[in-house]
Participant: 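Below is one structure. I have some questions about it.
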Amino acid sequence: MIFLDAAATTPVRREVLEAMWPYLSGEFGNPSSHHSLGEAAATALADARAAVARVLGCRPGEVTFTSGGTEADNLALKGIALARRTADPALDRVAISAIEHPAIEESADYLRRVHGFTVDVVPVDGHGLVTAGALAAVLRPETAVVSIMYANNEVGTVQPVRELAALAAARGIPFHTDAVQAAGWLPLNVKDLGVDALSLSGHKLGAPKGSGVLFAKGRLRIEPLVHGGGQERGRRSGTENVAGAVALATALGLAAEEQAAQAQRVSALRDGFIDAVLKAVPGALLTGHPEQRLPSVASFCFPGTSGESVLLELERRGVVCSSGSACAAGSDAPSPVLLALGIESEVAQTAVRFSFTSAVGEAELAEAAEAVGAAVGSVLGIGRR
Ligand code: PLP
């Protein structure tokens, strides 16, 4: 099988499994316990927090471990918006881009439905880019928080986060970015990026599903979503997932060491793959930005086909990928992300996303591109195998 669905999830790395294993077995303590087992767990958690902080360039106290990217996004958007409005009732708007992951989009909708916020949606251009002008046009004195993703999970477009965050900072508005897909491929130093909050997910990086991080600047007030024993400095109650935190920290550390070299290597492979697919399928349309895109994502529409049929034909040929986000898999509705890019609904339904792990190689991509030509040909009924 050629696995080209790494944006959905990745396998756990061996080094990660080895690092977390002790905290699932002999060192199984609860970090809140005052005996030696508990203290060992608390030390492991503190070390993991410090390791994440080193990669992000922040203080350990600014790192909150969560159950994944979804929870980190929820905590950022709802937590910052609610805390700021409590402090100043005039702050009753949030701004998000038109192509956010449902974890942000649905959180914004919850704030609208249940708490009466107004949601301002920043449009994107045909490549999926949020321009500074488009963001500036929606920001208001009442905006409590802005959330613009670092890199899109369906088309791979990378946003000019530094520029957008600076714009929000100049107006005193906290800026959150969902960096779930960017992690491992793009620089994550929060000071360089100028962001106030940033979300990560372990399972896109070779850590298990169900581990995540929210970085939030120490001075930012955040209304917690999960109440209880006050763990994670009161930002996220519940007995900590020590093994998950160790796993995420290990995976993030490895990814940071490898990032620059892998981004360069995989970008070149991605470009070769894009060329090969465009050659194999003359009507194919590359979606997302031609240059400002994740090294790991090549996404297309194949007009005249159905994305789901192409996926089935590809799987028959040993290539596993997806039509877009894993959250929307199996849905017949065209992707809201592609619609926001101005792609017609009929064409949007023909989307296929190929996304690579850092272990991807040239030969398998050449094989995959050939399979794409054959699969699309077969769906179009033009007699290829
Ligand atoms: N944000 C983005 C951009 C994602 O791609 C995903 C997962 O696909 C998430 C958030 C959610 O992360 P998790 O699966 O850890 O909840």
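Each ligand, and each atom within it, is numbered from 1 in the order the structure gives. Hydrogens, waters and symmetry mates are skipped; everything else that's a heavy atom, side chains included, is used.
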Participant: What do you reckon, does Ala103 have a nitrogen or oxygen under 3.5 Å from a nitrogen or oxygen of ligand 1?
Facilitator: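 It does not: no N or O of Ala103 is found under 3.5 Å from an N or O of ligand 1.
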Participant: Counting only heavy atoms not in Glu15, do more than 12 sit closer than 6.0 Å to its CD atom?
Facilitator: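 Buried by this count: over 12 neighbours within 6.0 Å.
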Participant: So if I count the atoms of ligand 1 from 1 in the order they appear, which ones are less than 4.0 Å from some heavy atom of Asp73?
Facilitator: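 That gives atoms 1 (N), 10 (C) of ligand 1.
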Participant: Going only through I, L, V, M, F, W and Y residues with side-chain contacts under 4.5 Å, is there a path from Val213 to Tyr150?
Facilitator: yes
Participant: Is the contact between Val180 and ligand 1 made by the side chain, the backbone, both, or neither, using heavy atoms and a 4.0 Å cut-off?
Facilitator: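 Within the 4.0 Å criterion, Val180 contacts ligand 1 through side-chain atoms alone.
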Participant: Which of the atoms in ligand 1, numbered in the order shown and given with their element, are less than 4.0 Å from a heavy-atom of Gly68?
Facilitator: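 Selected atoms, number and element: 15 (O).
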Participant: Flag yes if more than 12 heavy atoms outside Glu18 fall under 6.0 Å of its CD atom; otherwise flag no.
Facilitator: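 Yes, because the 6.0 Å sphere around CD of Glu18 holds more than 12 heavy atoms from other groups.
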Participant: Evaluate the side-chain proximity of Phe175 to Ile148: yes if any heavy-atom separation is below 4.5 Å, no if none is.
Facilitator: yes
Participant: With respect to Gln181, determine whether any N or O atom, backbone or side chain, lies less than 3.5 Å from an N or O atom of ligand 1.
Facilitator: yes
Participant: My understanding is that we take every heavy atom of each candidate and find the minimum distance to atom 9 (C) of ligand 1. Doing that for His101, His203, Glu71, Met149, which one comes out nearest?
Facilitator: His101
Participant: Taking a hydrophobic cluster as the set of Ile, Leu, Val, Met, Phe, Trp and Tyr residues connected by side-chain heavy atoms closer than 4.5 Å, whether directly or through intermediates, do Phe300 and Val319 fall within one such cluster?
Facilitator: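 Linked within one cluster.
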Participant: Lys209 near ligand 1, heavy-atom distance under 4.0 Å?
Facilitator: no
Participant: Heavy-atom contacts with Asn153 under 4.0 Å: which atoms of ligand 1 show up? List them by number with element.
Facilitator: 3 (C), 5 (O)
Participant: Does anything in residues 110-127 pair up under side chain to side chain donor-acceptor pair (under 3.5 Å), and if so which pairs, sequence neighbours excluded?
Facilitator: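 Side chain to side chain donor-acceptor pair (under 3.5 Å) check on residues 110-127 returns Arg93-Asp120, Asp109-Arg112, Asp109-Arg113, Tyr110-His115.
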Participant: When hydrophobic residues are tied together by side-chain contacts of less than 4.5 Å, even through go-betweens, does Val190 share a cluster with Leu75?
Facilitator: no
Participant: With heavy-atom distances below 4.0 Å as the criterion, list the atoms of ligand 1 near Thr70.
Facilitator: 11 (C), 12 (O), 13 (P), 16 (O)
